[in-house]
Structure formats: structure tokens, C-alpha cells
Amino acid sequence: MSDEARLVLERCDALAAVSSSPTGVERVYLSPEHARVNAMAGEWMRRAGMTTWQDAAGNQRGRYEGTEPGLPALLLGSHLDTVPDAGRYDGILGVLLGIALVARLEASGTRLPFAIEVLAFGDEEGTRFGTALLGSRAVAGTWLPEWWSLADASGTTLHEAFVAFGLDPDRVGDAAYEPADVIGYLETHIEQGPYLEEADLALAVVSSIAGARRFELTLTGVAGHAGGVPFHRRHDALAGASEIVLAVERLAREADCIATVGRLQAFPGGVNVIPGLVEFSLDLRGEHDDRRDEVWAGIQAVAADVGERRGLTLAVDETHRAPAVVASPRLRGFVREGIAATGDADPMVLFSKAGHDAMAVAELTEWAMLFVRCGNGGISHHPDEIVTIDDVAVALDAFEAAVHAVAAAHPVAARASA
Ligand code: GLV
Ligand code: MN
Ligand code: MN
């Protein structure tokens with residue numbers, strides 16, 4: 001058993017070595033590193049007994065047929081892309097556990113009353129183009145044409161990146177499933193928070209995922225001489241942005257939402273120059289979309305006040321918006337059964353504040369998720385992200401038991417045993 005878990009962890013390490021950054025892990029959508037990890041995952045999928053292909057949006061996929069060829073599929077997935085200076089397990093662990101699960105089925109000669117498809121999504125984080133979940137949205141059939149003009153930091157558009165990766169933008173629709181070809185989606189993911197570790201538990205079942213919005217904000221004032229311009233004549237964009245950043249934190253906390261300004265850059269960036277322009281990001285999440293949107297309205301009101309007092313103008317570009325989603329009670333019950341089969345009769349239930357591919361797949365089919373404990377206080381989006389081999393082993397057992405629970409309740413299986 002732990003040989004399988006050890007192999008999963010070794011593969012996490014092998015993927016972490018494929019990075020565009022010499023000092024840490026960074027792998028973004030449609031990059032050379034993306035192509036390399038797709039090839040590695042594809043090889044592992046083949047060894048596990050799957051037929052494999054890269055889909056029209058650059059996601060790596062593998063298929064393990066059921067009791068007869070061509071049956072609708074249960075999808076198991078997560079992502080291979082990362083944030084800057086990432087850990088080794090966010091997304092990656094879920095993909096590798098899907099492959100390990102199929103390897104188990106193949107080794108025991110087990111065929112289920114449905115096919116299994118393992119999906120290694122190419123973009124969940126949105127690191128390169130700002131908009132997140134691009135891989136899983138292609139699969140869900142919710143790709144938007146306006147995304148083609150999104151550009152990365154070097155000005156390369158999504159359309160250009162598709163072509164450079166060897167994909168045909170006109171065919172992105174081919175990545176989408178027909179709903180009738182899918183019976184559901186299960187994702188295993190590290191918790192990215194402290195609750196399992198605090199409770200001394202390995203696994204939890206996910207109840208829902210926070211809705212998220214992301215913005216790129218530009219605050220424009222007037223640059224000028226740091227010595228020559230008196231305070232009463234200044235239009236300092238960084239001083240104004242600082243007021244807004246503090247309001248972001250205060251308003252989100254008051255509303256029980258979560259908000260983060262993760263990137264901020266002042267221009268022209270001279271020590272003796274008043275900042276005339278500030279660009280900053282905003283990531284805003286909440287369990288309830290309406291409360292999250294009220295926080296955004298509050299932030300805009302503060303920004304308007306700051307702008308008026310300081311003579312600054314704010315431009316807003318919303319780059320990502322995903323509604324909160326609730327797991328299917330049926331599939332969530334199977335995940336619960338899967339965890340219970342490993343000895344925890346009353347599994348912990350967690351609401352996910354992190355975003356996941358399941359949010360996008362929710363528009364295609366019903367979904368549920370299994371969370372695995374993160375060590376080090378639950379740290380994630382950080383090189384210190386960690387999981388234990390024992391937790392990986394028990395997660396694989398639970399994931400497999402959940403899939404068998406889906407099979408046992410599947411109409412074909414139910415008919416066969418009736
Ligand atoms: C993805 O990890 C997100 O929650 O931003
Ligand atoms: Mn992440
Ligand atoms: Mn993730």
C-alpha cells in the first residue's frame with residue numbers, strides 16, 4: 001500500500017522539478033513546462049492502463065474503459081499548473097491519486113459499470129492570464145470568446161499562446177464533454193488550511209467551495225518630485241492605494257469574507273518620485289456570492305472616497321468570476337462512505353475557501369471532493385506545502401472506496417444485482 005503512496009510522492013517530486021523558475025516551482029498554462037508535465041502524466045496514465053490524449057485546450061487526459069467500451073465516464077481530476085513559488089501538491093496530488101486509483105483497478109482486473117477518465121487540467125490557478133479555471137472551463141463547455149485577447153505579463157495573448165502550444169483556437173470547443181457522456185466528477189485535493197491538522201485527522205469531505213472574483217485595479221494620480229511637491233498639492237497613487245488595501249481587509253473581515261491584495265506595483269518606482277500610478281490585484285471570496293458582492297461594493301465606495309479626497313482615478317478590470325458551488329449530496333455521500341471505509345465513521349466536513357477545478361466542472365455535472373491534510377499548519381501556495389505518506393495512502397484507499405460506492409449505486413450495477 002505505501003509503495004503506491006511512495007510512488008505518488010516521487011511523482012510529485014518529479015513534476016516539481018519541471019519549473020520555469022530556477023529557485024522554486026512555477027509552471028503556467030501553455031508553457032514549455034506545461035507540455036513536459038503533460039507528457040510525464042500521459043506516460044504514467046498509459047502505464048496505469050489508460051488510453052491517453054491531450055485535449056483541444058491542452059489538458060492531459062486518460063481513459064480507462066468500463067465493463068464495455070464507450071460507456072459514460074466518471075471524471076477524476078485536478079490540475080498540474082501552479083502559482084509562483086508553489087508547493088508540490090496543490091492540484092498535482094489529485095491528478096496522481098486518480099492515476100494511482102486506475103492502476104489499482106487495472107492490477108486487479110476490475111472493470112466498473114462506467115469508464116473512468118482522469119483529467120490533468122492545464123490551468124486552474126490563473127497565474128498566466130489572470131482568469132482562472134481555463135482548463136476545466138474548456139472541459140465544461142463554458143469557454144468564453146472574450147478570453148482570447150487576455151494577455152500575459154509579456155503581452156502574449158491567450159490566442160497566441162494556444163497556437164504556440166500547437167493547439168487550434170478554433171477547436172477549443174472540442175475539449176467540452178457532452179453531458180450525457182459523463183456521470184459525475186470527483187476531485188481529491190490538499191486542504192490548504194489548518195483544520196484537518198488541528199483535528200488530527202487525515203481526510204475530510206468538502207461541502208461547498210467559496211465563490212471568487214478577481215480584479216486588476218489601476219489607481220492614477222500625478223508623479224512628481226519627492227522634495228518639491230508639498231503634501232497639499234500631491235496626488236500620490238500609492239498612499240491612496242494603501243488606504244484601499246487596508247479597507248479591503250477590514251470590509252472582508254467584517255462580512256466574514258476573504259480578500260487579498262497579492263500584487264501591487266508603484267510607478268515610476270523611483271525613491272525620490274511621488275508614485276503617479278499603482279497597479280494592484282484583488283482576490284475576493286465568500287461562501288455566499290451576495291455577501292461577497294456587497295464587500296466589493298463597499299471597496300468601490302471607499303475607493304471613490306479616496307479618489308475624491310486625493311485627486312486619484314480608479315480603473316477596474318474584472319479578470320475572473322466564479323460563483324460559489326455546493327457539492328452534490330449524492331456524490332458527497334459516496335466520498336463520505338469512502339472515508340468511512342478507511343476507519344473514520346464520522347468524517348469531518350469542510351467548506352473550501354480555496355478554488356478548485358470542481359467549480360468549473362459543476363456547470364457540466366455533479367461533483368464532490370475529498371480533502372487531504374496539509375502539514376506545517378496547512379500552509380499552501382508556498383514551498384513548505386507538505387503531506388505525509390500515510391495520509392496519501394489512506395486518501396488513495398478512501399478515493400478508491402468512494403469510486404466503488406459510486407459503482408455500487410450505478411443503475412447498471414443495481415440492475416445486475418437485482
Ligand atoms: C486556487 O488555488 C485558488 O483558490 O486561488
Ligand atoms: Mn492553488
Ligand atoms: Mn489547487
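Just so you know, ligand 1 is whichever comes first in the structure, and atom 1 is the first atom listed for that ligand.
S136 pairs with exactly one of D357, D123, N59 by the side-chain hydrogen bond (donor to acceptor under 3.5 Å, both in side chains) rule, that one being D357.
A cation-pi arrangement is present between R111 and Y64, with the terminal nitrogen or guanidinium carbon under 6.0 Å from the aromatic centre and inside a 45° cone about the axis.
No other N/O/S atom of H381 lies as close to the Mn ion (ligand 2) as NE2 does.
Looking at V118 and V102, their side chains come closer than 4.5 Å, going by heavy atoms from C-beta outward.
Listed by first and then second residue, the ring pair (Phe, Tyr, Trp, His ring centres under 6.0 Å) pairs involving residues 277-300 are F215-W296 (not counting sequence neighbours).
Taking the six-membered ring where tryptophan is involved, the planes of W148 and F162 are perpendicular, since the angle between them exceeds 60° and thus also 30°.
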Donor-acceptor pairs under 3.5 angstrom involving side-chain atoms of residues 36-52: please list them, not counting sequence neighbours.
unit_1 : atom_1 : unit_2 : atom_2 : d
N38    : ND2    : H34    : NE2    : 3.3
N38    : ND2    : Q54    : OE1    : 3.0
N38    : ND2    : G58    : O      : 2.9
E43    : OE2    : R47    : NE     : 3.1
R46    : NH1    : T52    : OG1    : 2.5
T51    : OG1    : R63    : O      : 3.4

> Under the side chain to side chain donor-acceptor pair (under 3.5 Å) criterion, do N376 and E385 qualify, and how do the steps go?
Replying inline: CA-CA 7 Å; N376 283 340; E385 214 172 64; over 6 Å; no
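With salt bridges taken as basic N to acidic carboxylate O contacts below 4.0 Å, one links D293 and R321.
Expressed to the nearest 0.5 Å, how far CD of Q300 lies from CG of L314 amounts to 8.0 Å.
Checking side-chain atoms of H235 against main-chain N and O of R310 turns up a donor-acceptor pair under 3.5 Å.
Excluding waters, the count of protein N/O/S atoms less than 2.8 Å from the Mn ion (ligand 3) comes to 3.
Sorted by chain then number, the residues whose non-hydrogen atoms approach ligand 1 to under 4.0 Å are E124, E125, R214, R285, A354, G355, H381.
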